[in-house]
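Note sheet for the following structure.
Atoms considered below: every heavy atom in the structure, side chains included; atoms not considered: hydrogens, waters and symmetry mates.
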Amino acid sequence: MNSEFYKSNRKKLYEKLPAGALLAIFSGEEIRKTNDEYYPFFADRNFVYLTGLECKEAVLLAMKDGEGAVSERLYILAPNKMEERWTGVRVKPQEATDISGVEDIRFCQNFEGDIRKLAAGDNYGYFYLDLYRVSASDVDRPAQKFLRYVQQQMPYLQIGNANALIRELRLIKQPCEIEALREAEKITKAGILAMMKSSRPGMYEYQYKAEFDHALGQFGPKGPGFPSIISAGKNNFCIHYYGYHGQAQDGDMVLNDVGAQYDNLITDVSRGWPCNGKFNEKQRLLYECALATSDHMFEIVKPGMKMMEVDAEIRRYNCERLKDAGVLKSYDEIGTYMWHGGAHHIGFDVHDVVKTPDIVAPGMVFCIDVGIYHEEWGIGFRLEDNCLVTEDGCENLSADIPRTIEDIEAVMNE
């Protein structure tokens, strides 16, 4: 992405603000584990969507006056040689401008004073923050902390929730975002192929993960877009499994729910295969049900379809396939074998924070996720692909990652 993408995103957001509004979007803070340790910093995705920056403790401030004119500032941490020696080089003002397109760059220590000066006049009646919900008792994010400050020090300002406005913007992907997703799919494919080709009975889950991480590492330093779910055998029955300590026994299915990121866009792809490279009769039967359901969805998803019908149709159609296979007798039993929904949006987050649409529209990108979990047979897996809605239908962005039994077995037995 270039700065024009981020400038355009901000412009669209500013147009949604009322006249006389202040807006502050925070990048986030490092989370401390102990006195000397921090979790790796992950910048707030709305902040990244609006600026392209991934630096900690930064703030985007916008001011829309009574006439509708907008000015903006970006507050970043000031240079500090001692701090940077320990925690890394901080973004410089010119670099922040080059990436974000914001011209007015200031240092964080000036932010609170600047806000007090702006709020003291009669130009502003609203203060918009990125809030999950408008409550001072919410989680202790920077936006919630500042919400409490505004409520205490500037009670005359009406609070607005910018989160709801940004969700609307993030729903429809722009062409550059779709191209970034295409690149991320290629990287994800490399990781999944590495796991397939190395798969063998006796292999540990952490070894599969090492293959995936090594493959992604050849494309850049960012690696997976979210913690990889990689499991084998009975561990496949934990939907969000991160243990990596299990061992694939001969005949076990390997499940992975993984995705790479490219230029801040994140994919989400699931594939399942027998660790020995050959589907047995029951694995084949269940996998064909999932594959038929996925193929059916990519045939029918198109603009105008109700979004809630995507999940519903996945369950209905898969139920019919399982009935035909003799696995179940009626729809009342589908919950025994399908444990989770089948569609969520992707983008700057793996579960993208968007306004849930009523109707499917061009430019949306969401997952078609078919999971089947047959505990009695010891078989659990999911087939998950990324669906781009087009003007007259849809496209499977992850179609090039082996997904049929024939293609998977061919890769694993090369």
Side-chain angles (χ1 to χ4, degrees), residues 181 184-200 203 205 207-216 224-233 235-242 244 246 248 251-261 266-280 282-295 297-298 314 318 338-340 342-344 346 350 366-374 379-387 396-414:
L181 282 170
E185 299 288 3
K186 295 176 185 178
I187 301 170
T188 303
K189 176 185 176 180
I192 291 177
L193 286 178
M195 290 191 287
M196 285 183 176
K197 292 178 178 181
S198 65
S199 183
R200 65 188 185 279
M203 191 167 173
E205 293 159 349
Q207 292 175 307
Y208 285 102
K209 182 177 182 296
E211 293 287 345
F212 182 76
D213 290 345
H214 179 265
L216 265 61
F226 58 94
S228 301
I229 297 169
I230 301 172
S231 60
N235 291 334
N236 295 356
F237 298 110
C238 176
I239 295 171
H240 286 168
Y241 172 83
Y242 305 107
Y244 313 127
D252 279 350
M253 288 283 284
V254 175
L255 179 154
N256 63 88
D257 189 335
V258 296
Q261 57 181 314
I266 300 171
T267 62
D268 187 9
V269 179
S270 294
R271 294 290 186 265
W273 61 81
C275 68
N276 60 15
K278 185 69 176 177
F279 285 80
N280 64 34
K282 290 181 177 178
Q283 291 169 346
R284 179 179 292 270
L285 182 149
L286 295 178
Y287 194 91
E288 291 289 6
C289 291
L291 181 61
T293 301
S294 181
D295 288 345
M297 295 306 300
F298 280 101
I314 288 173
N318 197 38
M338 295 188 73
W339 297 352
H340 52 75
H344 66 79
I346 61 170
V350 64
F366 51 80
C367 292
I368 299 295
D369 187 359
V370 188
I372 299 178
Y373 306 91
H374 199 308
I379 301 171
F381 64 92
R382 47 190 176 265
L383 175 61
E384 182 177 21
D385 285 286
N386 304 148
C387 176
N396 184 350
L397 294 177
S398 47
D400 199 37
I401 301 174
R403 60 196 299 274
T404 68
I405 289 176
E406 293 72 25
D407 287 347
I408 291 171
E409 289 184 344
V411 166
M412 297 184 69
N413 292 285
E414 286 179 349

>> Just to verify, which of His214, Gln207, Glu211 counts as forming a side-chain contact (heavy atoms from CB on, under 4.5 Å) with Ser198?
In response: Glu211

> From Lys189 NZ over to Ile187 CD1, what is the distance, rounded to the nearest 0.5 angstrom?
Replying inline: 13.0 Å

>> The test is side-chain contact (heavy atoms from CB on, under 4.5 Å); show your working for Asn318 and Cys289 and say whether it passes.
In response: CA-CA 6 Å; Asn318 197 38; Cys289 291; 3.9 Å; yes

> Listed by chain and number, what are the salt bridge (charged side-chain N to carboxylate O under 4.0 Å, His left out) partners of Arg403, not counting sequence neighbours?
Replying inline: Asp295, Asp385

>> Tell me whether Tyr287 contacts the main-chain N or O of Gly272 through its side chain, where contact means a donor paired with an acceptor under 3.5 Å.
In response: no

>> Please evaluate residues Asn256 and Tyr208 with respect to the criterion side-chain contact (heavy atoms from CB on, under 4.5 Å), reporting the C-alpha separation (whole Å), side-chain torsions for both, the decisive distance (0.1 Å), and the verdict.
In response: CA-CA 9 Å; Asn256 63 88; Tyr208 285 102; over 6 Å; no

> Would you say the side-chain atoms of Arg284 pair up with the backbone N or O of Ile405, donor to acceptor, closer than 3.5 Å?
Replying inline: no

>> Please find the pair of heavy atoms, one from Val269 and one from Asn386, that lie closest to each other, and give the distance.
In response: CG2-OD1, 3.7 Å

>> The criterion is side-chain hydrogen bond (donor to acceptor under 3.5 Å, both in side chains); which residues satisfy it with Gln261, sequence neighbours excluded?
In response: none

> Donor-acceptor pair, Ser294 side chain versus Ala290 backbone, under 3.5 Å?
Replying inline: no

> Within the side chain of Asn413, is there an N or O that forms a donor-acceptor pair under 3.5 Å with the backbone of Glu409?
Replying inline: yes

>> Restricting to ring-ring contact (aromatic ring centres under 6.0 Å, His included), what partner residues turn up for His344, sequence neighbours left out?
In response: His351

>> According to ring-ring contact (aromatic ring centres under 6.0 Å, His included), who are the partners of Phe212, at least two apart in sequence or on a separate chain?
In response: none

>> For the backbone of Ala399 and the side chain of Glu185, can you confirm whether one donor and one acceptor N or O come within less than 3.5 Å of each other?
In response: no

>> Run the salt bridge (charged side-chain N to carboxylate O under 4.0 Å, His left out) test against Lys186 and tell me which residues pass, sequence neighbours left out.
In response: Glu183

> For Tyr241, which residues count as a side-chain hydrogen bond (donor to acceptor under 3.5 Å, both in side chains) partner, sequence neighbours excluded?
Replying inline: Glu205, Asn235

>> For Asn396 and Ser398, which I'm curious about, is there any donor-acceptor pair between the side chains at under 3.5 Å?
In response: yes

> With distance as the sole test, does Arg271 use its side chain to make a donor-acceptor pair with the main-chain N or O of Ile192 at under 3.5 Å?
Replying inline: no

>> Other residues, nucleotides and ligands only: do more than 12 of their heavy atoms fall within 6.0 Å of CG on Asp407?
In response: yes

> Got a sec: does the NE2 of His340 have more than 12 other heavy atoms crowding it under 6.0 Å?
Replying inline: yes

